[in-house]
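A short worksheet on the structure shown next.
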Amino acid sequence: MPSFVTYLIHTLFPPTVRFPDILLIDAGLVLGGLGLIGFLTKTHRWGWLWREWLTTVDHKKIAVMYLISAIVMLFRGGIDAEMLRAQLAMPSVHFMPAIQYDEVFTTHGTIMIFFMAMPFIFALFNAVVPLMIGARDVAFPRVNAMSFWLFAFGAILFNISFIIGGSPDAGWTAYPPYTGLAFNPGPGENYYFLSLLIAGMGTTMTGINFLVTTIRMRAPGMTLMKMPMFVWTTMVTSALILFAFPPLTVALAMSLFDRLFGSSFFTLTRGGMPMMYVNLFWLFGHPEVYILVLPLFGVFSEVVATYSKKALFGYPMMVVSVLAIMFLSYGTWVHHFFTMGAGPAVNAFFGLSTMLIAIPTGVKIFNWIFTMWGGRIQMTTAMLYQMAFIPTFVIGGASGVMLAVVPADYQLHNTYFLIAHFHNVIIGGTLFGLLSGMYYWWPKMFGMKLNERQGKVAFWLFFIGFWITFTPQYLLGLKGMTRRLYTYPAGLGWHELNVISTVGAWIMGAGFVALVYNVVWSLLYGERDVTGDPWDGRTLEWSLPSPVPEYNFARIPVVHERDAWWAMKQKGQTMAHALRPEDVHDIEMPKNTPIPFLLGVSFFVLGFGMTFKWWPIAIVGILGVIACLLFSGFDYDDHHHLEADVVRQTEASLGRLQG
């Protein structure tokens with residue numbers, strides 16, 4: 001028994017998880033967990049938590065859980081970023097050991113891409129897409145809940161690695177041979193592959209769900225060319241997910257087999273081909289860039305039209321450009337490794353395709369500018385993020401076109417120039433868009449506005465800090481500073497620029513603190529949205545009260561114009577949604593179920609067991625997964641009827657029932 005205990009402690013708590021900062025975090029997590037348990041127990045909220053959240057299939061509540069998860073992951077990934085900048089601020093600094101730097105570097109990229117940006121996007125999908133198309137829910141409510149819990153437990157599995165067993169440390173792209181057993185025998189890379197496989201299944205299910213929802217569940221009269229632009233980008237993104245994630249799933253599974261079962265797909269010494277992993281990863285990875293940014297093009301299209309009091313300029317061309325990006329995005333992945341040695345013909349083709357995809361992206365910039373031209377612009381916080389996006393993304397895109405020039409890429413690819421470009425696009429495009437959408441749709445999700453003054457303070461801190469952080473990194477790249485660098489000697493001309501970049505990261509951190517303060521303050525004291533339409537919106541979600549009832553629409557609307565709610569208001573038909581009592585009927589709604597939550601738990605147990613090669617635990621997880629799927633497959637009692645009297649009572653309390 002003592003030897004087993006020693007083995008357990010050595011395996012679960014190796015030296016890499018016993019750094020002082022990690023032990024401090026461990027203590028904080030334990031205290032926070034005990035505090036949460038105490039609060040739920042004292043307020044008798046365990047039943048409420050189970051009934052209202054853990055077993056829900058309501059897309060609006062799932063949106064809230066995605067949003068909370070994304071903000072928590074933004075905090076975790078942001079802390080990682082601050083640690084990286086602290087390490088690089090000065091020459092020859094050892095703020096943290098090299099092994100910990102590698103772990104933080106790896107987890108920062110992985111969390112921000114897979115566990116922050118993706119759930120934030122899915123939060124917006126769930127919050128408003130069914131409302132925009134006049135639907136009562138998504139096509140597959142139970143699958144939607146499964147998608148969330150697979151993501152959530154995948155994220156938990158990944159995040160416990162830094163306190164149990166050790167974090168992955170081979171970079172967020174996990175290239176072989178860095179992930180091979182010969183160079184990386186610990187459990188960290190197993191955590192990486194298994195958590196992304198589990199979360200990736202949830203992402204793929206979300207793509208299927210919203211593709212079917214946007215195609216099959218639109219309100220009568222809402223043709224494809226009458227859909228809001230955000231619905232278009234949701235549909236195209238969902239299609240991208242269906243074709244982009246399978247290559248990633250295959251690459252992750254093959255790498256995991258190399259580590260757990262002795263195969264040699266990517267193990268060079270046994271005839272494997274590491275470059276095949278790189279091809280598969282970026283066959284996913286470059287469409288993923290557009291998966292991350294296309295939904296936000298839709299957000300900006302809704303925001304700029306609403307706050308300019310004008311219809312979106314060039315809507316048909318906007319649709320064409322989104323579709324063009326969807327197809328072209330699959331023909332650019334090789335620009336991530338021009339230096340592989342594929343030859344001039346291959347590099348020339350992918351260089352040209354990378355330049356070509358900038359054209360439909362540029363079209364959108366002009367669409368938004370011409371929408372604002374002559375409009376009555378309201379400078380809200382959401383609109384500020386839209387305005388900041390345009391120059392930021394243009395510069396990021398222009399630097400990307402520079403990298404599409406193959407000889408230039410040979411010089412710049414492994415430098416901080418590429419780091420600056422990537423963050424210019426992902427923060428300037430994705431994160432600015434996510435925050436714009438959050439401020440814009442927050443009243444619809446929670447029934448109150450976020451404080452505008454506090455929001456603008458957070459915006460300016462974040463925007464100014466962003467440019468102070470990443471402008472020096474372009475210059476560092478031109479000065480030859482390579483990426484993935486732990487430390488550097490003095491005298492190379494990098495010190496001053498790194499100090500400036502680190503100060504900018506601190507300012508961005510202050511912006512995040514201001515954002516969280518705004519969220520908490522507004523939940524406690526924020527202005528209630530009593531109209532359901534605080535921004536004088538254009539699309540159907542603004543025809544509903546805030547927050548939206550369980551059934552969304554008591555009567556499914558009929559759409560006659562592209563901006564349906566705006567058209568109704570212009571024609572004086574804003575009370576067209578009001579019902580007579582005799583028009584209200586029973587509504588069939590999906591029933592809550594614990595299966596998605598238990599499925600997530602089972603996958604977590606399976607993943608944890610496989611991470612440490614503890615096969616009995618993995619078998620328990622597999623049996624749990626099979627049991628959940630069988631029960632769900634044969635559970636036909638998955639709906640309930642919301643009685644007409646309940647609907648009438650709700651609508652009457654909202655002032656939406658005639659008579």
**Check against side chain to side chain contact (heavy atoms under 4.5 Å, CB included), Leu224 and Trp232** = CA-CA 8 Å; Leu224 288 174; Trp232 261 110; 3.9 Å; yes
**Asked** Does the pair Phe114 and Met73 meet the rule for a side chain to side chain contact (heavy atoms under 4.5 Å, CB included), with working shown?
**Response** CA-CA 10 Å; Phe114 295 104; Met73 289 297 98; over 6 Å; no
**Salt bridge Glu189-Arg259, side-chain N to carboxylate O under 4.0 Å** = no
**Prompt:** How are the rings of Phe151 and Phe115 set relative to one another: parallel (under 30°), tilted (30 to 60°) or perpendicular (over 60°)?
**Reply:** tilted
**Request:** For Phe281 and Trp172, run ring-ring contact (aromatic ring centres under 6.0 Å, His included): C-alpha distance rounded to whole Å, both residues' side-chain angles, the deciding distance at 0.1 Å, then the answer.
**Result:** CA-CA 11 Å; Phe281 184 89; Trp172 78 273; 5.7 Å; yes
Give the table of side-chain donor-acceptor pairs shorter than 3.5 Å for residues 33-44, with sequence neighbours excluded, one pair per line with atom names and distance.
{"from": "Thr41", "atom 1": "OG1", "to": "Ile37", "atom 2": "O", "distance (Å)": "2.8"}
{"from": "Thr41", "atom 1": "OG1", "to": "Trp46", "atom 2": "NE1", "distance (Å)": "3.0"}
{"from": "Thr43", "atom 1": "OG1", "to": "Phe39", "atom 2": "O", "distance (Å)": "2.6"}

**Message:** Quick one: does any side-chain atom of Thr55 pair with a main-chain N or O of Pro594 as donor and acceptor, under 3.5 Å?
**Reply:** no
**Message:** Which label fits His286 and Tyr290: parallel for a plane angle under 30°, tilted from 30 to 60°, or perpendicular past 60°?
**Reply:** perpendicular
**Request:** Starting from the C-alpha separation in whole Å, work towards a yes-or-no answer on side chain to side chain contact (heavy atoms under 4.5 Å, CB included) for Ile215 and Met235.
**Result:** CA-CA 8 Å; Ile215 291 174; Met235 185 170 70; 3.8 Å; yes
**Asked** Is atom OH of Tyr551 surrounded by more than 12 heavy atoms (other residues, nucleotides or ligands) closer than 6.0 Å?
**Response** yes
**Asked** Should Arg656 and Glu651 count as an ion pair when the cut-off is N to O under 4.0 Å?
**Response** yes
Return all side-chain donor-acceptor pairs below 3.5 angstrom for residues 154-161, not counting sequence neighbours, or 'none' if the list is empty.
{"from": "Asn159", "atom 1": "OD1", "to": "Arg76", "atom 2": "NH1", "distance (Å)": "2.6"}
{"from": "Asn159", "atom 1": "ND2", "to": "Ala155", "atom 2": "O", "distance (Å)": "2.8"}
{"from": "Ser161", "atom 1": "OG", "to": "Phe158", "atom 2": "O", "distance (Å)": "2.6"}

**Asked** How about Phe634: does its CZ atom have over 12 heavy atoms from other parts shown lying under 6.0 Å from it?
**Response** no
**Asp529 and Lys449 ion-paired at < 4.0 Å** = no
**Prompt:** When you look at CZ of Phe257, are more than 12 heavy atoms from neighbouring residues, nucleotides or ligands closer to it than 6.0 Å?
**Reply:** no
**Prompt:** Does NZ or CZ of Lys61 fall inside the cone over Trp53's six-membered ring, less than 6.0 Å from its centre and within 45° of the axis?
**Reply:** yes
**Prompt:** Passes side chain to side chain contact (heavy atoms under 4.5 Å, CB included), Thr306 versus Arg538? Steps please.
**Reply:** CA-CA 6 Å; Thr306 296; Arg538 309 183 70 86; 4.1 Å; yes
